[in-house]
Q: 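Could you have a look at this structure, given as structure tokens, before my questions?
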There are 2 protein chains.
Amino acid sequence: MKQKFRSNCPISSALDLIGDKWSLLIIRDMMFSGKKTYSEFSNSNEKIATNILSNRLTMLEELEIINKGKLEGNKKTNIYSLTQKGKELLPIILEIAQWSDNNLNDHLQDGAKPFVNKFKSNKEGFIQNMYARFEKQEG
Amino acid sequence: MKQKFRSNCPISSALDLIGDKWSLLIIRDMMFSGKKTYSEFSNSNEKIATNILSNRLTMLEELEIINKGKLEGNKKTNIYSLTQKGKELLPIILEIAQWSDNNLNDHLQDGAKPFVNKFKSNKEGFIQNMYARFEKQEG
DNA sequence: GTAATAACTTTCATAATGCAAGTAAAAATC
DNA sequence: GATTTTTACTTGCATTATGAAAGTTATTAC
């Protein structure tokens with residue numbers, strides 16, 4: 001696992017790992033759309049290129065942000081799941097969404113509002129709910 | 001103007017704007033180190049290249065995340081400051097720092113802990129304090 | 001007047017991304 | 001059992017972004 005950290009700063013170190021335009025979108029799709037296979041990720045709204053998707057899945061697995069597994073009786077489809085490290089990206093993603101909701105009104109259509117409204121009034125409750133749901137999905 | 005946004009998603013839209021390895025570090029330095037000039041940003045721990053710094057300052061200004069101004073009697077030094085839109089990136093940055101604190105223990109030395117400890121127990125209070133401090137700086 | 005400083009810009013090499021097409025194994029269909 | 005489809009990639013190549021270093025211009029300090 002070759003990790004090139006620019007400094008000892010916790011902010012720059014996180015950006016060294018997930019500071020790109022695609023990694024958090026894969027995590028988003030796992031969290032909120034229940035996506036777990038390569039082809040599901042490949043069909044995202046933002047049209048990620050397959051080589052980039054492949055590269056990011058490999059990196060996220062190396063970083064232990066996601067796991068790669070199989071289902072019994074299926075040797076073909078890879079099932080990706082969030083590790084604890086990956087699940088804990090949720091608060092970051094929610095803050096990003098809320099910032100956009102507050103500051104990108106010129107661009108975001110009303111379709112984006114309902115998502116943010118789900119947690120805006122009770123963020124901590126929403127997070128705990130999501131964590132519980134993550135557990136259920138595994139069990 | 002080039003197509004800036006990949007989709008209507010608030011998460012991907014934010015990443016379209018600040019989803020790179022440098023933008024948030026400039027904001028970090030403005031928030032926590034009181035940096036406000038080109039040369040101050042240029043001296044960061046992470047050694048940003050001057051062409052990238054120039055590019056990011058221009059972009060952040062175009063996005064109205066920062067303002068560019070001068071001090072009276074000085075035609076040379078540019079003074080950069082955070083807009084409201086920029087200040088509101090604080091919660092994102094704090095969540096990123098906390099994620100690193102929780103999940104990058106192998107890499108982060110103890111030097112990174114004190115920063116996170118400042119807000120870990122009372123994040124909302126810390127944020128409000130910082131917002132108040134931002135106001136004071138503007139005078 | 002000369003030197004130093006601040007804020008860039010330019011050049012060029014390297015790395016990352018994007019697009020299209022191709023591949024291989026497994027699974028589904030006929 | 002053979003053929004088609006699906007899944008998960010890989011490869012090649014053009015474009016774009018980044019990184020390192022040196023150069024430029026205006027301003028300020030000495």
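Naming convention: chains lettered A, B, ... in sequence-line order (proteins, then strands); numbering from 1 in each chain. This structure is a prediction, so every number in the text was calculated from the model and none was measured.
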Q: Just the rounded figure in Å: distance from C1' of D:dT6 to NZ of A:Lys70.
A: 13 Å
Q: Atom CG of A:Leu71 and atom P of D:dA8: how far apart are they, to the nearest Å?
A: 11 Å
Q: Go through the structure and list residues passing side chain to side chain donor-acceptor pair (under 3.5 Å) with B:Ser23, not counting sequence neighbours.
A: B:Asp20
Q: Under a 3.5 Å distance rule, please check whether A:Arg28 uses its side chain to pair with a backbone N or O of B:Cys9 as donor and acceptor.
A: no
Q: Would you please test B:Ser7 and B:Ser12 for side-chain hydrogen bond (donor to acceptor under 3.5 Å, both in side chains) and show each step?
A: CA-CA 7 Å; B:Ser7 78; B:Ser12 83; 2.8 Å; yes
Q: In this structure, how many angstroms lie between the P atom of D:dC9 and the CD1 atom of A:Ile48, rounded?
A: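 Taking atom P of D:dC9 as the reference, CD1 of A:Ile48 is at 13 Å.
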Q: Axis-to-axis angle across the helix from C:dG1-D:dC30 to C:dC30-D:dG1, five pairs an end, to 10 degrees?
A: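 Between the axes fitted at each end of the helix from C:dG1-D:dC30 to C:dC30-D:dG1 lies an angle of 20°.
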Q: Take a 6.0 Å sphere around CG of A:Asn117 and say whether it holds more than 12 heavy atoms from other residues, nucleotides or ligands.
A: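 Atom CG in A:Asn117 is packed in, count exceeds 12.
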Q: Going by an N to O cut-off under 4.0 Å, is there a salt bridge joining A:Lys113 and A:Asp101?
A: yes
Q: Using a heavy-atom distance cut-off of less than 4.0 Å, which residues of residues 22-46 of chain A contact DNA chain D?
A: A:Thr37, A:Tyr38, A:Ser39
Q: Is B:Ser81 close to B:Phe134 at the side-chain level, that is, under 4.5 Å between some pair of heavy atoms?
A: no
Q: How would you summarise protein contacts on nucleotides 20-30 of chain D per nucleotide, using B for base, S for sugar-phosphate only and - for none, with heavy-atom distances below 4.0 Å?
A: BBB----BS--
Q: About how many Å separate CG of B:Asn51 and CZ of B:Arg56, when rounded to the nearest 0.5 Å?
A: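 It comes to 9.5 Å.
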Q: Indicate the ring-plane relationship of A:Phe5 and B:His107, choosing parallel, tilted or perpendicular according to the 30° and 60° boundaries.
A: parallel
Q: Check whether any side-chain heavy atom of B:Lys75 lies under 4.5 Å from a side-chain heavy atom of B:Lys70, and answer yes or no.
A: no
Q: Would you find a donor on one side and an acceptor on the other, under 3.5 Å apart, between the side chain of A:Asn8 and the backbone of B:Gln109?
A: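 Here the side-chain-to-backbone pair exists.
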Q: With heavy atoms of chain A within less than 4.0 Å as the criterion, where does contact along DNA chain C begin and end?
A: C:dT17 to C:dA27
Q: Tell me whether A:Trp99 contacts the main-chain N or O of B:Gly86 through its side chain, where contact means a donor paired with an acceptor under 3.5 Å.
A: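 No, A:Trp99 side chain to B:Gly86 backbone: no donor-acceptor pair under 3.5 Å.
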Q: Please say whether more than 12 non-hydrogen atoms of neighbouring residues, nucleotides or ligands are located less than 6.0 Å from CD in A:Glu61.
A: yes
Q: Report the C-alpha distance between A:Asn78 and A:Thr37 in whole Å, list the side-chain angles of each, state the deciding distance to 0.1 Å, and finish with yes or no for side chain to side chain contact (heavy atoms under 4.5 Å, CB included).
A: CA-CA 6 Å; A:Asn78 291 322; A:Thr37 67; over 6 Å; no
Q: Examine distances only and state if a side-chain atom of A:Lys36 and a backbone atom of A:Ile79 form a donor-acceptor pair shorter than 3.5 Å.
A: no
Q: Taking B:Ser54's backbone N and O only, do any of them form a donor-acceptor pair with B:Thr58's side chain (distance below 3.5 Å, no angle check)?
A: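 Checked: pair present.
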Q: Where along residues 55-68 of chain B does a heavy atom fall under 4.0 Å from DNA chain C?
A: B:Lys68
